2 protein chains.
Amino acid sequence: MAETMRVHTLMGEDLLFLTDDKLRRGIEAMFFAYRAFTADPDLILAGLDYGRAHHRALHFIHRDPGLTVTALLDVLGVTKQSLNRVLRTLIEDGLVESRVGRRDRRERHLHLTEKGAALERRLSEAQRARMRQAYRAAGPQAVAGFRQVLEAMMDPETRAQYQSMKDLPE
Amino acid sequence: MAETMRVHTLMGEDLLFLTDDKLRRGIEAMFFAYRAFTADPDLILAGLDYGRAHHRALHFIHRDPGLTVTALLDVLGVTKQSLNRVLRTLIEDGLVESRVGRRDRRERHLHLTEKGAALERRLSEAQRARMRQAYRAAGPQAVAGFRQVLEAMMDPETRAQYQSMKDLPE
DNA sequence: TTGGAAAGTCAACAACACTGCCCTATCAAG
DNA sequence: CTTGATAGGGCAGTGTTGTTGACTTTCCAA
């Protein structure tokens with residue numbers, strides 16, 4: 001509230017983008033866009049007895065093959081029990097392989113099987129298609145801004161984690 | 001896949017932002033940012049026996065006082081039953097008032113009570129604080145791009161709905 | 001007067017998150 | 001070699017949010 005007031009009294013031409021109304025519009029845009037963002041994979045998953053959690057697990061195992069359960073837990077930000085349920089079904093169904101660590105035999109290193117990789121491709125291509133269309137419609141400069149705002153929105157630890165993620169060789 | 005190939009062969013300097021890797025980074029940014037985006041209100045709601053659905057209902061009733069249940073249903077994109085459970089608790093707890101329509105007495109027009117408005121303010125101020133900080137950090141040009149990409153990502157009907165929403169008089 | 005739209009209710013179910021507690025296997029340090 | 005910490009897995013119970021499907025009540029409008 002005090003924040004808002006300061007903005008309104010300064011009103012340094014450029015600060016209009018910090019108006020409560022502008023912020024509210026941004027919040028609503030996030031809500032609607034995220035709903036669309038998840039809609040395409042959700043549709044595919046619905047027919048397979050899987051959910052969003054399975055998609056996320058497949059995604060991060062794909063991006064970093066051999067990562068440990070703890071590492072995945074850390075990225076996803078959920079509890080062990082929550083992930084375990086998802087992981088168990090993926091392993092049972094032969095989409096994910098869990099290999100005992102060679103240096104440290106307590107660790108389980110996660111890999112996608114061919115079947116798992118196929119589903120991951122199908123899901124992420126659906127999601128990328130929407131993202132690609134949005135990026136193309138908005139243009140490179142808008143995309144840069146999009147990424148900047150999203151990164152600024154993350155918790156600092158998450159942002160550090162995100163920024164340190166290696167690029168995938170295509 | 002054909003899509004990707006075309007990008008790589010054209011490679012018109014500016015089209016690098018449509019690389020599969022760039023798209024994947026955007027997807028991950030959405031995931032992490034949305035998690036942060038909902039974290040602050042979630043924390044407040046946790047102590048009150050409410051959830052995200054309650055927040056969303058309060059938000060849209062606040063933004064458009066007197067809207068009907070069907071209109072709210074349409075904005076939220078959930079089933080009547082799902083909304084009804086949420087709405088019932090909000091009405092029972094005295095946060096939302098349901099008034100019988102005067103023109104059409106089948107309709108229920110939804111309004112926030114003083115108590116409901118107070119919670120809505122508390123929730124949305126928490127969410128705005130994060131958005132404000134992100135906007136400030138990224139700057140006006142980035143914010144414009146952010147909004148453009150989010151809008152382009154929405155389903156066309158949702159986008160039309162979003163764009164036709166009236167601005168709230170502050 | 002009758003059909004249909006709007007609103008609401010009930011039951012059943014599933015996904016996904018949580019907490020709390022218990023267990024094994026393994027590693028590392030005293 | 002014992003002991004404590006770490007990695008992983010499992011079970012039971014709970015809560016929110018979403019879904020279908022079937023049903024009723026209310027009430028406007030042709």
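Treat the numbers as computed from the prediction; the structure is a model and nothing was measured.
- Near DNA chain D, defined here as any heavy-atom distance below 4.0 Å, the residues from residues 78-86 of chain B are B:V78, B:T79, B:Q81, B:S82, B:R85, listed numerically.
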Distance-only donor-acceptor hits, side chain of residues 140-150 of chain A, under 3.5 Å, sequence neighbours excluded:
from	atom 1	to	atom 2	distance (Å)
A:R147	NE	A:Y162	OH	3.1
A:R147	NH2	A:Y162	OH	3.3

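- Side-chain nitrogen and oxygen atoms of B:H54 include at least one within less than 4.0 Å of the OP1 or OP2 phosphate oxygen of D:dT17.
- Qualifying side chain to side chain contact (heavy atoms under 4.5 Å, CB included) partners for A:K80, counting only residues two or more places apart in sequence or in other chains: A:L73.
- Applying the salt bridge (Lys or Arg N to Asp or Glu O under 4.0 Å) test to B:R35 and every residue at least two apart in sequence or in another chain returns nothing.
- For A:E114, the salt bridge (Lys or Arg N to Asp or Glu O under 4.0 Å) partners are A:R121, not counting sequence neighbours.
- Rounded to whole angstrom, the span from the CZ atom of B:R99 across to the P atom of C:dA6 amounts to 22 Å.
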Tabulate atom names and distances for all N/O pairs under 3.5 angstrom spanning the protein and nucleotides 27-29 of chain C.
from	atom 1	to	atom 2	distance (Å)
C:dC27	OP1	A:R105	N	3.0

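- One interatomic measurement links the two molecules: CG of B:L45 to P of C:dC18, which rounds to 16 Å at whole-angstrom precision.
- Listed by chain and residue number, A:E28 satisfy the side-chain hydrogen bond (donor to acceptor under 3.5 Å, both in side chains) test with B:H59 (two or more places apart in sequence, or in another chain).
- A salt bridge is defined here as a Lys NZ or Arg NE, NH1 or NH2 lying under 4.0 Å from an Asp or Glu carboxylate O, and A:R63 with A:E120 fails to meet this definition.
- Pairs engaging residues 88-100 of chain B under the salt bridge (Lys or Arg N to Asp or Glu O under 4.0 Å) rule: B:E97-B:R99 [sequence neighbours left out].
- Following rounding to the nearest Å, B:E92 (CD) and C:dT9 (P) show an atom-to-atom distance of 9 Å.
- A search for side-chain hydrogen bond (donor to acceptor under 3.5 Å, both in side chains) contacts involving B:N84 returns nothing, not counting sequence neighbours.
- The CD atom of B:E107 sits 10 Å away from the P atom of D:dA29 (whole-angstrom rounding).
- Rounded to whole Å, the distance from CZ on B:R52 to P on C:dA15 is 19 Å.
- When the C1' atom of C:dA6 is taken as reference, atom CG of B:L72 falls 14 Å away, rounded to whole Å.
- Straight-line distance from the NE2 atom of A:H109 to the P atom of D:dA7: 11 Å, rounded to whole Å.
- Nearest-nucleotide mapping onto DNA chain C: of B:R88 and A:G51, the residue sitting toward the 5' end is B:R88.
- Note on A:D155 versus B:R130: salt bridge recorded, some NZ/NE/NH1/NH2 to OD/OE distance being below 4.0 Å.
- Between the C1' atom of C:dA14 and the CG atom of A:L48 lies a distance of 15 Å, rounded to the nearest Å.
- Regarding contacts with the backbone of D:dG18, a side-chain N or O of B:R56 is found under 4.0 angstrom from either OP1 or OP2.
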